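Shown next, in structure tokens, is the structure this report addresses.
Values reported hereafter were calculated over all heavy atoms of this structure, with side chains retained and with hydrogens, waters and symmetry mates removed. Throughout, protein chains are lettered first and strands after them, A, B, ... in sequence-line order, and every chain is numbered starting at 1. Everything numeric in this text was worked out from a predicted model, so none of it was measured.
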Number of protein chains: 2
Amino acid sequence: SSERLRLRSLEAKIMTAEEAASLIKDGMIVGTSGFTPSGYPKEVPMALAKRAEKENIRITLYTGASVGDELDGILARAGAIAKRMPYQTNDSIRKGINSGEIEFVDLHLSHMAQMIRCAFLGKLDVAVIEAVAIREDGGIVPATSVGNSPVFVEMAEKVIVELNESQPLELEGMHDIYTPENPPHRKPIPITRTDDRIGTTYIPCNPEKIAAIVLTNRKDSVRPLAPVNECSRKISQHLIEFLDHEVKRGRLPKKLLPLQSGVGNIANAVLKGLVDSPFEGLEFYSEVIQDAVFDLLDSGKMTIASGTSVTPSEEGLERFYKNINFYRDRIILRPQEISNNPEVIRRLGIIAMNTAVEVDIYGHVNSTHIMGTSMINGIGGSGDFARNAYMSIFATPSTAKNGAISCIVPKVSHVDHTEHDVMVVVTEQGLADLRGLSPRERAREIIQKCAHPDYRDALMEYYKKAMDMTGSAHTPHILEEAFSWHINFLRKGRMI
Amino acid sequence: SSERLRLRSLEAKIMTAEEAASLIKDGMIVGTSGFTPSGYPKEVPMALAKRAEKENIRITLYTGASVGDELDGILARAGAIAKRMPYQTNDSIRKGINSGEIEFVDLHLSHMAQMIRCAFLGKLDVAVIEAVAIREDGGIVPATSVGNSPVFVEMAEKVIVELNESQPLELEGMHDIYTPENPPHRKPIPITRTDDRIGTTYIPCNPEKIAAIVLTNRKDSVRPLAPVNECSRKISQHLIEFLDHEVKRGRLPKKLLPLQSGVGNIANAVLKGLVDSPFEGLEFYSEVIQDAVFDLLDSGKMTIASGTSVTPSEEGLERFYKNINFYRDRIILRPQEISNNPEVIRRLGIIAMNTAVEVDIYGHVNSTHIMGTSMINGIGGSGDFARNAYMSIFATPSTAKNGAISCIVPKVSHVDHTEHDVMVVVTEQGLADLRGLSPRERAREIIQKCAHPDYRDALMEYYKKAMDMTGSAHTPHILEEAFSWHINFLRKGRMI
Ligand SMILES: CC(C)(COP(=O)(O)OP(=O)(O)OC[C@H]1O[C@@H](n2cnc3c(N)ncnc32)[C@H](O)[C@@H]1OP(=O)(O)O)[C@@H](O)C(=O)NCCC(=O)NCCS
Ligand SMILES: CC(C)(COP(=O)(O)OP(=O)(O)OC[C@H]1O[C@@H](n2cnc3c(N)ncnc32)[C@H](O)[C@@H]1OP(=O)(O)O)[C@@H](O)C(=O)NCCC(=O)NCCS
């Protein structure tokens with residue numbers, strides 16, 4: 001319709017997904033919209049995957065972050081992905097990554113746009129962008145996520161747009177697209193409040209670059225959220241108690257500071273906990289806007305939510321669409337180089353809450369690798385936020401795999417967040433405040449507050465033995481035993 | 001003299017170092033000026049150390065970074081330091097840290113000021129600041145470094161000033177003191193060019209807080225620089241060739257981008273190499289201004305140098321004093337929360353060059369710990385720069401201890417900079433460009449380009465075996481063998 005495609009001359013570019021996909025050739029670098037299973041193209045990747053069954057096609061795929069199975073999954077299963085950046089959560093991609101079939105480059109989500117703009121990651125051939133509309137000037141109105149779409153549109157040779165009628169036109173106005181100039185000409189990013197709008201409501205695009213338009217009404221494959229379990233509820237309680245304590249000590253304002261929250265069940269539980277907390281006037285400056293944020297906005301506890309993607313559950317999506325005018329005034333979707341920008345994160349003073357896979361007794365965090373080798377998802381935005389936060393918090397259950405694994409270990413098998421970037425660790429057992437503590441002091445705090453009772457003594461034993469053997473060195477470790485828990489698990493299925 | 005102490009009423013506060021030191025009591029938190037052996041107080045710490053021989057005095061000592069032996073060394077040897085932040089390079093402190101006597105908290109240098117201002121690190125009792133003058137309004141004109149002095153003066157209960165007549169009055173005007181507000185009221189830091197001046201030439205101070213003034217003419221204990229050796233010269237050559245190549249590819253402007261350089265001999269060699277390079281109009285936005293920067297400024301190759309400290313060798317200091325008016329126009333000394341600020345570093349697009357202790361085949365960097373346990377110095381500003389740089393480079397000789405240690409290892413024994421923050425690794429053997437490479441691709445690049453030939457095959461063997469044993473996982477490791485090289489070294493004095 002002319003509401004969705006407002007530049008008449010582009011009507012000639014409407015074609016089938018197969019025709020559009022034929023613009024993508026073997027060896028190309030393709031950048032797509034999408035951040036979480038939200039706002040990613042579906043028709044063109046599906047057509048491409050079909051072609052890849054008969055033809056030799058292996059592409060490099062860049063996205064915002066994870067995307068839905070109709071993009072990552074089917075292309076991976078068709079063997080059509082040679083290289084993937086900067087984040088993923090797809091079973092088939094993960095399998096490819098951990099079996100040498102897909103080269104995966106795990107990047108800080110805020111870093112990628114500049115790396116592309118400065119030609120560090122090769123020349124982008126094609127951008128494939130899901131949109132709710134194309135404006136008279138060629139400007140692309142994104143769907144429910146922004147991600148890296150602006151830089152892909154800017155830098156790609158050709159742009160394919162999937163105009164998705166299942167995405168309501170009322171999304172228009174929710175986005176705030178701003179592109180920083182390259183150094184040395186960059187100016188300050190003029191966000192000084194969570195609700196500042198600094199850019200356009202669309203991605204600027206020279207209409208001549210738009211090589212194909214595919215019409216669709218296929219919906220995003222949103223994911224269900226598990227109900228809040230006891231463990232997550234306890235973590236949430238410890239955290240809210242801690243924040244309250246910090247307010248009482250004058251180290252946080254009464255309305256807190258803008259919150260960032262990772263994705264997944266713990267993150268959702270923490271946010272849900274805030275609905276019943278005493279805090280008012282909350283702000284959210286984060287990546288992904290999940291169901292709990294709707295609760296907070298609805299209850300009036302939260303006044304504004306800034307992110308790069310809206311990713312509700314099925315019910316959440318319905319609720320979002322139904323009240324879209326209410327939410328459009330309270331949600332801002334920014335490019336991920338802005339939502340995750342160190343400059344803005346530090347200026348606003350974010351309280352960053354992210355999830356760890358394992359934490360060691362000295363406060364180093366592994367967010368990505370199982371037993372030091374196998375990639376789960378990627379670091380995502382956790383580093384952007386943790387490093388620059390006013391307060392950097394990592395949460396994890398104290399155990400995994402029904403207690404066979406302690407998530408507090410002598411030494412993490414992979415480091416994503418160093419001791420310098422971790423102020424608080426919280427498990428269902430309790431909360432360790434590491435600010436101003438040396439490694440030796442941290443060890444005692446983490447073991448006592450966070451470790452599961454079944455592992456506490458063994459951790460303390462390692463620590464004491466390491467103290468003895470190193471003459472109380474700065475970070476006592478016994479290299480022969482540092483990974484023995486992981487090795488035990490790999491051999492016997494239990495860490496101790 | 002009234003040139004140095006311009007507020008007459010403060011003359012009553014002039015006292016001996018012993019009297020001033022008596023303001024410092026057991027258990028206090030003391031913040032001092034000083035960043036490298038430059039601009040740190042000497043008389044008061046020496047008097048305090050004397051008292052500590054008879055009295056039980058153990059303080060928490062905060063500084064900018066490392067300081068001279070008259071502060072760190074003598075206090076440590078007197079047993080007067082219980083806790084130390086955020087960086088050090090002193091033999092006696094290091095001994096204390098690695099024997100359980102001193103609790104050391106290793107922090108990103110840009111992070112500390114905000115942590116103090118927001119009361120994360122306790123209440124500062126006393127600040128001891130070396131100065132060249134005190135103004136009529138109480139404002140303190142620092143000596144050759146700024147470091148954390150502004151926040152110490154702001155937050156301490158009492159301020160002791162060491163007015164040092166050995167530091168020329170002509171330093172006045174070289175400093176640019178700017179203090180960001182706390183979140184959520186912070187505004188953009190208005191630096192958009194290396195040579196922007198945004199603050200005052202002195203540290204604002206309520207004169208009533210000045211509790212003591214000690215007069216001295218004791219000089220800083222500057223350190224000699226070793227002559228440039230063959231290894232450093234080769235590293236410098238590889239790097240300059242690489243930068244040149246990046247300019248040719250259009251990924252760097254002809255005059256490059258502002259340079260940051262770590263301290264020490266390799267860093268000095270790289271900068272010296274630039275004197276004979278084709279580059280013109282260079283800028284320096286870094287922490288520490290060493291001799292080679294004077295060479296670059298003298299030759300006209302460099303137009304401006306911004307840092308938080310001037311730390312020349314003995315000859316360098318003479319040269320600096322002799323041409324101080326020339327240098328004052330070309331050098332800006334800022335608080336370390338500004339010199340190292342992620343916002344500014346990312347905006348300007350810094351080329352960051354730091355030194356690694358060891359690097360692993362997947363590109364993780366250890367900058368601080370010997371064999372994973374023993375603290376050398378600390379992370380310093382390397383994380384501030386590496387994470388936010390336009391281009392993040394780490395240099396190291398390929399071997400240490402006469403070849404008994406390979407600085408390229410299967411897995412680093414401690415991580416300070418993760419794979420996400422390391423774009424380039426360079427040794428005297430060659431340079432590995434890791435941008436856009438997966439861990440498996442990085443391993444081949446690092447082993448081939450950077451490892452010493454004596455270790456290359458063994459590294460490749462580990463990599464291949466790890467590939468086999470993990471089924472080509474994302475980051476192939478054999479946890480049983482990952483630290484075997486370090487363990488060999490500890491047992492037999494050789495890594496292989
Ligand atoms: C860390 C992260 C994987 C946790 O996600 P989650 O959904 O809460 O994780 P789960 O508890 O379901 O654990 C995921 C898997 O790892 C396993 N696991 C958890 N802890 C483990 C440990 N210490 N060792 C080994 N495996 C572990 C779980 O058992 C589960 O495996 P399964 O799928 O076979 O059951 C996820 O938050 C993530 O990818 N974070 C990095 C990116 C990020 O933080 N993004 C947000 C920034 S805004
Ligand atoms: C990494 C760092 C220690 C290197 O400094 P340097 O003066 O070039 O180092 P050296 O080559 O003299 O090595 C220091 C010691 O470590 C030893 N060493 C070097 N590599 C080693 C390795 N891989 N394993 C074990 N020991 C090693 C050296 O033999 C030397 O020991 P010695 O004093 O007993 O002879 C130093 O740059 C640092 O502290 N960096 C972190 C902070 C930083 O980067 N600051 C600047 C940011 S602006």
Side-chain angles (χ1 to χ4, degrees), chain A residues 97-100 103-108 115 118-122 183-184 186-188 190 192 250-251 257 342-343 346-349 364 369 371-375 379 383 387-388 390 413-416 418 420 435-438 440-441 470-477 479-480 482-483 486-487, chain B residues 97-100 103-108 115 118-122 183-184 186-188 190 192 250-251 257 342-343 346-349 364 369 371-375 379 383 387-388 390 413-416 418 420 435-438 440-441 470-477 479-480 482-483 486-487:
Chain A
I97 290 171
N98 290 310
S99 63
E103 299 304 324
F104 177 55
V105 187
D106 181 19
L107 290 174
H108 296 299
M115 292 182 89
C118 296
F120 286 12
L121 302 177
R186 186 167 298 169
K187 293 278 166 291
T192 58
R251 290 192 287 247
L257 285 165
E343 170 176 339
R346 193 170 275 228
R347 184 181 303 142
L348 297 181
H364 301 261
H369 283 67
M371 302 297 141
T373 62
S374 188
M375 171 56 64
I379 191 167
R387 172 70 64 90
N388 297 294
Y390 179 85
S413 58
H414 183 90
V415 177
D416 293 292
T418 71
H420 314 95
R435 291 173 295 176
L437 301 190
S438 70
R440 290 183 296 252
E441 293 170 324
T470 63
S472 305
H474 180 61
T475 305
H477 267 306
L479 294 183
E480 286 90 343
F483 294 146
H486 299 86
I487 294 168
Chain B
I97 290 171
N98 290 309
S99 63
E103 300 305 324
F104 177 55
V105 186
D106 181 19
L107 291 172
H108 296 301
M115 292 182 87
C118 296
F120 286 13
L121 301 178
R186 186 169 295 168
K187 293 275 166 290
T192 58
R251 290 193 288 246
L257 284 165
E343 169 176 341
R346 191 170 276 228
R347 182 179 304 142
L348 297 180
H364 301 261
H369 282 68
M371 303 298 142
T373 61
S374 187
M375 171 55 65
I379 193 169
R387 170 71 64 90
N388 297 293
Y390 179 86
S413 58
H414 182 92
V415 177
D416 293 291
T418 71
H420 314 97
R435 290 172 296 175
L437 300 190
S438 71
R440 291 183 295 254
E441 293 170 325
T470 63
S472 304
H474 180 62
T475 306
H477 268 305
L479 293 183
E480 287 89 343
F483 293 146
H486 298 87
I487 294 168

*Any idea how His474(A) and His369(B) line up, ring-wise: parallel (<30°), tilted (30 to 60°), or perpendicular (>60°)?*
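If you compare the ring of His474(A) with that of His369(B), the planes turn out tilted.
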_Mutual orientation of the aromatic rings belonging to Tyr390(A) and Phe120(B) [parallel < 30°, tilted 30-60°, perpendicular > 60°]_ =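 Correct class here is perpendicular.
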_Distance (rounded to the nearest 0.5 Å) between Glu103(A) CD and Leu437(B) CG_ = 9.0 Å
*In Å, rounded to the nearest 0.5 Å, how long is the span from CD1 of Ile487(B) to CD of Glu480(A)?*
4.0 Å
_Partner set under side-chain hydrogen bond (donor to acceptor under 3.5 Å, both in side chains) for Thr192(A), not counting sequence neighbours_ = Asp196(A)
Determine the minimum heavy-atom distance between [X] and [Y], stating which atoms define it.
{"X": "Arg251(A)", "Y": "Cys118(B)", "value": "CG-O, 3.5 Å"}
{"X": "Lys187(B)", "Y": "Arg347(A)", "value": "C-NE, 3.8 Å"}
{"X": "Pro188(B)", "Y": "Pro188(A)", "value": "CB-CB, 3.6 Å"}
{"X": "Ala482(B)", "Y": "Phe483(A)", "value": "CB-CE1, 4.4 Å"}

*With the side chain counted from C-beta on, respond yes when His420(B) and Asp416(A) share a heavy-atom pair under 4.5 Å apart, and no when they do not.*
yes
*Are side-chain heavy atoms of Arg387(B) and His108(A) found at a separation under 4.5 Å?*
yes
*Per-residue contact mode, Leu479(B) against chain A (heavy atom under 4.5 angstrom)*: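 The answer is both parts of Leu479(B).
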*asked:* Quick check on Ile97(B) against chain A: is it the side chain, the backbone, both or neither that has a heavy atom closer than 4.5 Å?
replied: both
*Which region of Pro342(A), side chain (C-beta onward) or backbone (N, CA, C, O), has a non-hydrogen atom less than 4.5 Å from a non-hydrogen atom of chain B, or is it both or neither?*
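Only the side chain of Pro342(A) comes within 4.5 Å of chain B.
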Determine the option with the most heavy-atom pairs under 4.5 angstrom with chain A, choosing from [options].
{"options": "Gly349(B), Gly383(B), Gly436(B)", "answer": "Gly436(B)"}
{"options": "Gly122(B), Pro476(B), Gly372(B)", "answer": "Gly372(B)"}
{"options": "Leu121(B), Leu257(B), Leu107(B)", "answer": "Leu257(B)"}
{"options": "Met115(B), Glu441(B), Met371(B)", "answer": "Glu441(B)"}

_With salt bridge (Lys or Arg N to Asp or Glu O under 4.0 Å) as the criterion, how do Glu343(A) and Arg346(B) come out once you've worked through the C-alpha distance, each side chain's angles and the decisive distance to 0.1 Å?_
CA-CA 8 Å; Glu343(A) 170 176 339; Arg346(B) 191 170 276 228; over 6 Å; no
